Amino acid sequence: MTKLKETLLKKIEAHRPRTTRLLKEHADVKVGEVTIGQAIGGARGVKCLVTDISYLDPMEGIRFRGKTIPETFAALPKAPGSDYPYVEAFWYFLLTGDVPTEEQTREVVADFKARARVPHYVYDILRAMPRDTHPMTMFSAAILSMQRESQFLKRYNAGMSKMDYWDPMYEDSTTLLARLPQIAAYIFRMKYRGDTHIPPDHDLDLGANFAQMMGIDKPYDDVARMYFILHSDHESGNISAHTTHLVASGLSDAYYALSAGINGLAGPLHGLANQEVLRWTQAFMEKLGGKLPTEEQLKEALWNTLKSGQVIPGYGHAVLRKTDPRYTAQREFCLKHLPDDELFKLVSMIYKVTPDILMEHGKAKNPWPNVDAQSGVIQWYYGITEYDFYTVLFGTGRAIGVLANITWDRALGYPIERPKSITTDMLEEIAGIKK
Ligand code: HAX
């Protein structure tokens with residue numbers, strides 16, 4: 001160990017008890033408008049973000065523009081023969097709050113098609129990366145590489161008025177959304193399908209075209225539509241949404257901001273949890289020789305995970321205090337399309353026993369499953385067994401929500417985000433520990 005690292009470790013060890021004490025004994029002490037617990041504890045519950053695009057009620061779950069998930073699915077126009085709405089209609093709805101007509105939806109579908117061509121250099125960049133690079137790194141790099149195309153940047157440099165900022169932000173956001181499915185499918189087939197590629201079919205809507213480029217038959221087009229919509233937005237405070245908003249607040253364009261948000265999504269406590277769920281579940285099934293466990297074996301495995309200091313992926317949430325309706329929506333899909341699938345059965349068993357175990361464990365404030373507990377099962381069933389890729393699917397969906405938000409951020413002239421920090425010494429003084 002270098003002297004620097006050794007000294008740093010000593011400082012960290014000396015500092016940790018101070019932070020722990022502040023959190024344990026003085027969490028409720030006020031520091032300005034918030035408590036010490038909130039200042040150290042990731043700003044939980046601090047109401048300082050504004051968005052009208054979605055709202056997350058702790059007990060009810062997400063509402064998009066005032067509509068629950070089932071209401072959203074029911075209200076929006078659907079492709080012929082499809083159970084789920086056009087992603088393009090959802091984009092219209094998130095941006096405006098209005099349910100588009102068939103005709104308005106067709107116009108968005110046509111607009112997406114006109115923008116969908118991915119510049120060739122994006123593929124060159126992807127191909128230049130080592131093939132074992134994580135697909136989220138590739139996805140983020142592909143997004144960032146297109147930043148040179150930003151309309152926002154060009155018009156900003158030409159001296160655009162503040163009142164017009166939303167317009168090129170909208171243009172960049174729409175172009176990005178139109179291209180993301182093709183980029184995602186390219187990464188998938190380059191990494192996992194022997195570098196064979198299926199060209200897009202521009203007569204199809206975004207969901208069906210994605211299924212086509214992935215090479216997966218119906219009803220995967222509906223899986224894509226459902227998946228992208230469910231993962232789109234979860235109000236503003238989650239890491240991917242907040243990062244995108246924060247970066248865009250400095251007037252970075254949509255390419256910079258989305259790439260940053262995608263990097264945030266790549267954390268195992270956030271979007272990567274969906275791959276962790278499958279990793280955990282598959283490893284466990286493998287140990288049992290591919291058989292379903294008994295309830296006792298399952299409980300033991302869950303306790304072992306907790307005792308080894310790990311989290312149970314797919315369970316818990318910073319805001320929600322009940323089963324995530326995005327979990328329920330996907331479970332309903334599974335009950336309809338894959339009720340006898342072994343993996344689905346295991347995930348359902350986990351759902352049956354985990355909340356009680358987490359309650360007995362006594363740490364997690366929310367013992368119920370979140371969106372990530374169920375999503376990998378569906379992808380696995382339709383042949384996407386490379387779970388590293390799941391977060392790219394999440395990211396393609398999440399882009400819809402965060403891009404709608406930064407378009408509105410610029411429309412309303414939200415300022416540069418800049419919270420204030422203080423020191424541990426100051427907190428200790430406020431808490432009366434230090435004079
Ligand atoms: N298993 C074990 N322990 C858990 C837990 C879980 N699933 N969920 C929370 N806890 C623990 C926390 O680690 C924390 O422990 P410490 O006090 O030792 O730090 C304690 O319970 C209190 O945490 P909390 O207040 O209930 O939860 P947070 O707001 O801090 O964190 C997380 C929310 C989602 C990050 C957390 O529940 C977690 O780590 N879950 C597992 C990972 C996961 O599923 N992430 C995906 C979340 C949904 C999402 O954003 N998708 O993108």
Side-chain angles (χ1 to χ4, degrees), residues 77-82 84-92 102 105-129 135-136 138-149 171-229 231-232 254-255 258-259 262 378-379 382-384 386 389-400 403:
K78 294 170 190 64
S82 164
Y84 292 88
Y86 287 104
V87 172
E88 292 89 337
F90 184 69
W91 172 236
Y92 189 113
E102 293 281 348
T105 303
R106 273 198 297 277
E107 193 191 36
V108 184
V109 172
D111 188 26
F112 271 40
K113 277 177 197 164
R115 298 169 187 261
R117 204 189 63 78
V118 176
H120 209 272
Y121 62 80
V122 176
Y123 300 131
D124 293 341
I125 286 165
L126 291 174
R127 304 191 72 78
M129 297 174 94
M136 281 298 274
M138 289 186 165
F139 195 50
S140 175
I143 292 166
L144 193 58
S145 73
M146 294 187 288
Q147 190 271 337
R148 63 186 283 284
E149 319 237 342
E171 293 297 330
D172 285 349
S173 296
T174 311
T175 301
L176 263 167
L177 278 183
R179 292 177 179 174
L180 292 182
Q182 200 163 333
I183 293 170
Y186 190 90
I187 293 171
F188 178 75
R189 296 207 54 105
M190 179 180 72
K191 269 182 76 75
Y192 308 118
R193 292 296 176 270
D195 205 7
T196 58
H197 299 277
I198 304 171
D201 177 346
H202 290 302
D203 285 334
L204 301 173
D205 67 286
L206 186 148
N209 200 13
F210 182 67
Q212 145 91 10
M213 291 183 288
M214 292 291 285
I216 309 175
D217 293 338
K218 272 180 177 296
Y220 194 73
D221 54 338
D222 257 348
V223 172
R225 295 181 190 104
M226 172 188 70
Y227 204 88
F228 294 153
I229 291 174
H231 287 82
S232 61
Y255 295 87
L258 180 63
S259 172
I262 291 296
I378 302 178
Q379 301 301 335
Y382 289 103
I384 306 181
E386 298 81 1
F389 188 70
Y390 296 168
T391 317
V392 174
L393 297 169
F394 191 155
T396 306
R398 179 50 50 100
I400 309 169
L403 292 171

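Quick caveat, the model's predicted, so the values are computed rather than measured. One-based numbering along the sequence shown.
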Kindly compute the distance separating CD1 (Ile183) from CG (Leu176), expressed to the nearest 0.5 Å. 7.5 Å
Hey, are the side chains of Ile400 and Phe90 touching, using non-hydrogen atoms and a 4.5 Å cut-off? yes
Between the main-chain N or O of Glu171 and the side-chain N or O of Thr175, is there a donor-acceptor pair closer than 3.5 Å? yes
How many angstroms lie between atom CG of Leu403 and atom CG of Leu258, to the nearest 0.5 angstrom? 5.0 Å
Less than 4.5 Å apart, any side-chain heavy atom of Tyr123 and any of Val118? yes
Let's go through Leu206 and Phe112 carefully: what are the C-alpha distance in whole Å and the side-chain angles of both, what is the deciding distance for side chain to side chain contact (heavy atoms under 4.5 Å, CB included) to 0.1 Å, and is it a yes or a no? CA-CA 8 Å; Leu206 186 148; Phe112 271 40; 3.8 Å; yes
Drop me the distance from Ser82's OG to Met226's CE, to the nearest 0.5 angstrom. 11.0 Å
Do Pro219 and Tyr382 touch side chain to side chain, with heavy atoms closer than 4.5 Å? yes
Identify the two heavy atoms, one from Pro77 and one from Ala89, that lie closest to each other, and give their separation to 0.1 Å. CD-CB, 3.9 Å
Is there side-chain contact between Phe139 and Thr391, with at least one heavy-atom pair below 4.5 Å? no
Applying side chain to side chain contact (heavy atoms under 4.5 Å, CB included) to Leu177 and Trp91, what does each step give before you reach the verdict? CA-CA 9 Å; Leu177 278 183; Trp91 172 236; 3.4 Å; yes
Run the salt bridge (Lys or Arg N to Asp or Glu O under 4.0 Å) test against Glu386 and tell me which residues pass, sequence neighbours left out. Arg193
List the atom of Met213, the atom of Ala185, and the distance in Å for their closest heavy-atom pair. CB-CB, 3.6 Å
Do any N or O atoms from the side chain of Tyr390 and from the backbone of Ile384 form a donor-acceptor pair under 3.5 angstrom? yes
So, Tyr220 versus Gln212: side-chain donor-acceptor pair below 3.5 Å or not? no
Using the rule given for side chain to side chain contact (heavy atoms under 4.5 Å, CB included), can you reason through Ile229 versus Tyr84, listing the C-alpha separation, both sets of side-chain angles and the distance that settles it, and then say yes or no? CA-CA 9 Å; Ile229 291 174; Tyr84 292 88; 5.8 Å; no
Step by step, work out the side chain to side chain contact (heavy atoms under 4.5 Å, CB included) result for Tyr86 and Val108. CA-CA 10 Å; Tyr86 287 104; Val108 184; over 6 Å; no
Who passes salt bridge (Lys or Arg N to Asp or Glu O under 4.0 Å) against Asp217, sequence neighbours left out? none
Could you tell me whether the side chain of Arg127 and the main chain of Met190 form a donor-acceptor pair under 3.5 Å? no
Can you list the residues that meet the ring pair (Phe, Tyr, Trp, His ring centres under 6.0 Å) rule with Tyr192, with sequence neighbours excluded? Phe188
side-chain hydrogen bond (donor to acceptor under 3.5 Å, both in side chains) contacts in which one or both residues fall within residues 200-209, not counting sequence neighbours: Asp205-Arg225
Does the side chain of Met214 come within less than 4.5 Å of Phe389's, by heavy atoms? yes
Over all atoms of both residues, closest heavy-atom pair of Ala142 and Val122: CB-CG1, 3.7 Å
Which pairs pass salt bridge (charged side-chain N to carboxylate O under 4.0 Å, His left out) with one or both residues in residues 177-192, sequence neighbours excluded? Glu149-Arg179
Provide the closest heavy-atom pair for Thr174 versus Arg115 in the form atom of the first, atom of the second, distance. CG2-NE, 3.4 Å
For Pro135 and Ile187, which heavy atoms make the closest approach, and how far apart are they? CB-CG2, 3.9 Å
Measure the CD1-CG distance between Ile378 and Asp222 for me, rounded to the nearest 0.5 Å. 11.5 Å
CZ of Phe228 to OG1 of Thr396, rounded to nearest 0.5 Å, is 5.0 Å
The salt bridge (Lys or Arg N to Asp or Glu O under 4.0 Å) partners of Arg148 (sequence neighbours excluded) come to none
Closest contact, heavy atoms only, Met136 versus Val392: SD-N, 3.6 Å
Determine the sole option in Leu204, Leu180, Val223, Leu393 for which the side chain to side chain contact (heavy atoms under 4.5 Å, CB included) test with Phe210 is passed. Leu393
Hey, what do you get for OG (Ser145) to CE (Met138), rounding to the nearest 0.5 Å? 12.5 Å
